[in-house]
Amino acid sequence: MKAVYFAWVRERIGKTGEEISPPDNVKTVGELIGWLSAKGEEYAYAFEKPDVIRAALDRTHVKHDVAIAGAREVAFFPPMTGG
Amino acid sequence: MKAVYFAWVRERIGKTGEEISPPDNVKTVGELIGWLSAKGEEYAYAFEKPDVIRAALDRTHVKHDVAIAGAREVAFFPPMTGG
Amino acid sequence: MAVIRIQREDFNAAAEVAALTAGRTDIGAVVTFTGLCRAESGKLAALELEHYAGMAEEEIARVAAEAEARWPLQGVVAIHRYGKMAPGENIVLVVTASSHRVAAFEAAEFLMDYLKTRAPFWKKEHLVDGSSGDWVEAKDMDDRAMERWG
Amino acid sequence: MAVIRIQREDFNAAAEVAALTAGRTDIGAVVTFTGLCRAESGKLAALELEHYAGMAEEEIARVAAEAEARWPLQGVVAIHRYGKMAPGENIVLVVTASSHRVAAFEAAEFLMDYLKTRAPFWKKEHLVDGSSGDWVEAKDMDDRAMERWG
């Protein structure tokens with residue numbers, strides 16, 4: 001699946017997005033955050049406070065307990081500050 | 001003092017305003033409405049439901065129990081429908 | 001200082017907003033409210049707005065001053081037209097500017113609620129069949145809307 | 001059908017209102033909200049708005065559809081800019097049109113509350129001393145403002 005990052009999540013990870021292949025035991029958005037955090041210190045830094053991280057699956061807001069199965073694009077970003 | 005009339009109060013009385021000289025025993029806006037009502041059937045018609053009549057003294061909204069002493073201009077009109 | 005105008009001619013909301021915000025960098029939110037004449041399902045040829053010329057401007061200025069006392073506003077415009085208006089024409093404009101959106105919204109709503117119930121204007125209908133219609137009746141709903149401001 | 005646009009260039013509120021109301025005689029109330037970039041007491045050189053290009057338009061369309069389901073609206077416009085904006089520049093525009101003023105006001109406030117907390121945009125400050133400032137932090141106040149809509 002494709003992962004995309006925005007705002008300070010993007011800055012900390014150092015890229016706008018990438019292809020990821022989480023193992024089968026990573027079932028939810030929250031578990032995906034945990035798995036990404038272990039990929040390196042830039043990821044650990046980006047996701048150091050998982051509670052503040054917002055996520056979207058295929059461009060729809062989701063909570064961390066939602067299953068990622070079937071999603072083509074997952075996005076991670078801080079709380080929004082538009083408007 | 002000068003009396004001015006608006007909307008259907010004006011239409012019923014048949015004039016936009018006039019000089020009036022109420023006697024000394026007419027002390028409040030409500031008493032003035034009563035005194036005017038006795039001036040003729042057009043006034044009686046205009047003021048037939050005193051409760052719906054709004055008043056202003058010298059261009060400021062007032063309730064019917066306010067004293068008219070010292071006012072130069074009294075206005076009578078229906079509830080406002082601007083905006 | 002609020003801009004208050006009572007006029008027969010139409011207004012230009014964009015020009016009023018531009019005048020309010022020109023050269024300023026402290027305004028974060030501008031709300032405009034435009035009230036228009038409706039055809040009432042084709043029944044109405046025009047609305048005629050009568051007003052108390054001496055009082056209208058003073059009363060709207062009092063309401064605007066009250067809004068400026070209640071909310072931190074960087075600008076207020078209130079323009080009310082009088083005379084005959086065809087369906088689709090503008091009747092009233094309120095503009096509020098503030099650092100913050102909630103203040104701008106609340107002040108604009110407050111101004112409109114008060115204009116509806118306190119500004120000395122009266123609407124008379126002119127019908128498409130050429131007859132003179134009724135004076136528009138004040139709505140209890142509008143009084144209740146005003147009462148929420150305490 | 002709501003007009004939704006995500007764009008780098010500025011918008012023209014008056015043109016959007018004119019397009020919404022042209023030839024119509026059933027609209028009684030038009031509310032516009034314009035959000036502008038503030039200088040924050042002279043500290044700010046610019047705001048840079050990042051957005052999630054794929055999602056922003058879809059999310060705002062969802063919010064607009066929700067507003068149209070809740071209130072009797074005759075028109076909705078929501079335009080959100082991205083890129084770098086100097087103090088005084090426009091960031092966001094919401095326009096609502098309805099027969100009645102309360103619906104127009106409430107729908108515009110609802111749209112802004114939801115845009116603030118659900119539209120995927122992020123503001124980064126650029127300071128006048130040339131340094132890159134912080135990412136603007138989301139406000140609890142904005143979350144609470146959204147919660148009032150149930």
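Below, chain A is the first sequence line, B the second, and so on; all start at residue 1.
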ask   = Which of the residues D/Ala108, D/Ala97, D/Ala145 is involved in the greatest number of heavy-atom pairs with chain C at under 4.5 angstrom?
value = D/Ala108
query = Top residue by heavy-atom pair count (under 4.5 Å) with chain C, among D/Ala39, D/Gly28, D/Gly88?
reply = D/Gly28
task = Pick one of side chain, backbone, both or neither for D/Ser41, based on which atoms fall under 4.5 Å of a heavy atom in chain C.
result = neither
Greatest number of heavy atom pairs closer than 4.5 Å to chain C - which of D/Glu89, D/Arg24, D/Glu40, D/Met112 = D/Met112
task = Would you please go through residues 113-121 of chain D and name the residues with a non-hydrogen atom below 4.5 Å from one of chain C, in numerical order?
result = D/Asp113, D/Lys116
query = Are there more than 12 heavy atoms of other residues, nucleotides or ligands under 6.0 Å from atom CD of D/Glu137?
reply = no
message = Before we go on, tell me: are the rings of D/Phe33 and C/Phe105 under 6.0 Å apart, centre to centre?
response = yes
C/Asp129 atom CG, neighbour heavy-atom count above 12 within 6.0 Å = yes
ask   = Looking at D/Ala29, D/Ala15, D/Cys37, which makes the most heavy-atom pairs under 4.5 Å with chain C?
value = D/Ala29
query = Out of D/Ile27, D/Val102, D/Asn90, which one racks up the most heavy-atom pairs below 4.5 Å with chain C?
reply = D/Ile27
request  = Go through the atoms of D/Arg101 and report whether side chain, backbone, both or neither lie under 4.5 Å from a heavy atom of chain C.
outcome  = both
note = Pair count under 4.5 Å, heavy atoms only, with chain C: among D/Thr32, D/Val31, D/Thr34, D/Thr21, highest is D/Thr32
